[in-house]
Visitor: 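Could you have a look at this structure, given as structure tokens, before my questions?
Letters A, B, ... mirror the listed sequences (proteins, then strands); counts begin at 1.
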Amino acid sequence: MIDGAVRSEAEFPALQHLLGLEGLTRGEISSILDLSTRMKEIGERPLKKVPSLRGKTVCTLFVEASTRTRTSFEVAAKRLSADTMSLTASASSLTKGETLLDTAKNLEAMGPDIIILRHSAAGAPHFLARHVRAAVVNAGDGRHEHPTQGLLDLFTIRERLGRLEGLEVAIVGDVANSRVARSNIFALRTMGAKVRLSGPATMMPPGLEALGVTPCRRIEEAIDGADVVMMLRIQKERMGSDLFPSDREYFRCFGLTRERLKRARPHVLVMHPGPINRGVEITPDVADGPESVILEQVTNGVAVRMAVLYVLAHRQGRAS
Amino acid sequence: MNRLVITGGTLYGCDGGGERRGAVLIEGGQIVDIVAEVPSGFREAPELDAEGAWVVPGFICLRSHVGEPGFEWREDVASVSLAAASGGFTTVCATPDTDPVNDVRAVTEQIMTRAAAAPGARVVPVGAATRGLEGKHLSEIGDLAAAGCVAVSTGELAVASAQMMRRILEYCRSLDVRVFACSVDASMARGALMNEGFQSLRLGLPGVPSEAEATAILRDGWLSRLAGWPVHFQRVSSAAGVRALEILQREGIPFTADCTPHHLWFSDEAVSGYDTATKVLPPLRCREDVSALREALRAGLITAVATDHAPRSQLEKWVEYDHASAGTTGLETALGVVLELVRQRVLTLQEGLQRLSAGPARVLGRPDLGRLGSGARADVVLVDPDVPWRVDGAHLRTRGQNHLFEGQALSGTVRNTVVGGRVVSFEGAEGVKRAYR
């Protein structure tokens, strides 16, 4: 019933895995977003389930802790009627010294069609993809990419503002260590949006311009006239690493307040990948305000992940 | 007396330079003479036919991880000795990062004993300048040198304490012991997995900037002036590091330096795809760094090519990039890389061979090594310069399974290696390679 959404298989020629958004074409991203619109509609029905992936097996392998992303993928797989299995670091033999390769080979022996991997090491999904037949979805690898987060952010922006091309998007926070920032930068640039970045220079690596973005010294410069303001989570675990002195000071210099938000365009969207540190990177009244689409991002996450699973399962089906 | 005559080849690295033809007369482990006609006294001696080959001084690697004691699954003295000989190396300096660390005479003696029985290249130990290579307390450097260490090393990164580095240099001056240092600021290198730059930004891997190398070279250079004793800088990897060496040279601070074949060849673009073979220390740098290193090697600012041969088992590389052990094998591919630089006209043939032989011999202060001439050690390599080959780990002699150059097309192979007048035999080499599997 949604097969018509993928207009032709040739639209996803290179998509064997979803390891990152870098290198995806504008056509590929648009097709996934278009398909996500159809998937979102399924989530709004009284019976939120279609049989598209019946008989397919989707495995989530989360070597790094996460609840929302894993849950979102599981809901997505179940809405498409896939069988799901789930491994987490604490429950898996990875804590008993088994290597990722051995774990993957064992999973592989159970015949999954898609493996969704979250891992603290950048490149772990690439490693996995070289060693298993299943399609691999990167659900966040170290500081590298979080492609489905990037796609759901683009989907949310496009749905609300009607386009991506030419938009001014400000990304504020720990750019150096953020996989969300990377995925968004790659995809937004591909889709023709303009990206400005701001954050303490300790979190803004030199040479960012080479990614086609504009680094701004002050948050005000980044927000000025922006269509979208995307706040990144400040990771408390980085507090000790001398990137900034305290929460209090971070909020004072780089926090998103209502006052600062006034510099943006009237229709501005405020986004955050979650989980939020209220009072550190964003004030509660902005996080809960009319500009905020933070919870919509979560809803859209399921739709986008359904689209990704659909595309990869479809591709796999054709390959075998 | 043990005699050997090498006839028919084109000779490079003779005293006086240039290329010449002639026979190399060897007796008692030394080169006796180089002559046009084999004299009657040598007519009965065994002959090594070098027709069509180059005859060059044996290569010297100033930095190889030998793995013994403690890491024999990676390599041991016997296997590295054969791998080295197979790549044209006749002398290999073994780093002290063994387990236990080579910071006491007993470990040095163990390596010396094993080296005495090694079937190929000569393996000579480099001691640890500080106990456990921790940079806190001096080792018994005098005892290490007396037991056979040709130098001491400060470890994989710069000594954190400047005062400790000063004391190492001062103490080594009084004992006339050479100091090898990998000058990279340890506080910046910690946690880094690759070069810091555009590629690390793309790939989300934490990086170490080349400034970590430049600042440490400058610091150690100034300390060396204070202590009155030179540093040999190992595995310089970046344009910034080269600029730092230029400053030392302008300041009149004496030093020597080496770099690896892989830093002369690969840039950090190779890390895309997260192939753990590309994880080395220091990390692969940018294209501009590769060019700067090549130029510094040509100009002689960098004295030697040292392989930093660091064999690893598959188990240490078939893991996530974060967890993979850094290093690549290098002894069997170094010649091919240098000859490729010659083909690309980065170096002349004489310069290329010099950086593998006379250059490192000068660093070791050994006038009897790295040259063909009477009185020199009979360490000689016969090279077939134009034989093309493709790097295939299965056919290399090292026990290591991590070859950054895997699949690379090179040309130039070793026909024979002569160590101390003895032609190295590779009979049984396969058994040595597999001994720990």
Visitor: What's the verdict on side chain to side chain contact (heavy atoms under 4.5 Å, CB included) for B:Glu320 and A:Thr99, showing C-alpha distance, side-chain angles and the deciding distance?
Guide: CA-CA 9 Å; B:Glu320 299 87 323; A:Thr99 64; over 6 Å; no
Visitor: Looking at every heavy atom in both B:Trp318 and A:Phe127, which two are closest together, and how far apart are they?
Guide: O-CZ, 3.3 Å
Visitor: Which of residues 270-285 of chain B have a heavy atom under 4.5 Å from any heavy atom of chain A?
Guide: B:Gly273, B:Tyr274, B:Asp275
Visitor: Determine the minimum heavy-atom distance between A:Ala122 and B:Gly204, stating which atoms define it.
Guide: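 Shortest heavy-atom separation between A:Ala122 and B:Gly204 comes out as CB-O, 3.7 Å.
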Visitor: Below 4.5 Å from any heavy atom of chain B, which atoms of A:Arg179 appear? Answer side chain, backbone, both or neither.
Guide: neither
Visitor: Got a second to check how far A:Glu22's CD is from B:Leu203's CG, nearest 0.5 Å?
Guide: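 Answer for the CD-CG pair, A:Glu22 versus B:Leu203, is 7.0 Å.
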Visitor: For A:Leu19, is it the side chain, the backbone, both, or neither that has a heavy atom closer than 4.5 Å to a heavy atom of chain B?
Guide: neither
Visitor: Ring pair (Phe, Tyr, Trp, His ring centres under 6.0 Å) with B:His323: which residues, sequence neighbours excluded?
Guide: none
Visitor: What part of A:Ser178 gets within 4.5 angstrom of chain B, counting heavy atoms only: side chain, backbone, both, or neither?
Guide: neither
Visitor: Which atoms form the tightest heavy-atom contact between B:Ser200 and A:Arg182, and what is the distance?
Guide: O-NH2, 4.2 Å
Visitor: Could you tell me which non-hydrogen atom of A:Ala210 sits nearest to which non-hydrogen atom of B:Phe198, and how far apart they are?
Guide: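 What the structure gives for the nearest pair is CB-CD1, 3.4 Å.
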Visitor: When only pairs under 4.5 Å are counted, which of B:Asp322, B:Leu201, B:Leu205 shares the most heavy-atom pairs with chain A?
Guide: B:Leu201
Visitor: For the CZ atom on A:Arg26, are there more than 12 heavy atoms of other groups (residues, nucleotides or ligands in this structure) within a distance under 6.0 Å?
Guide: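 Above 12, so yes.
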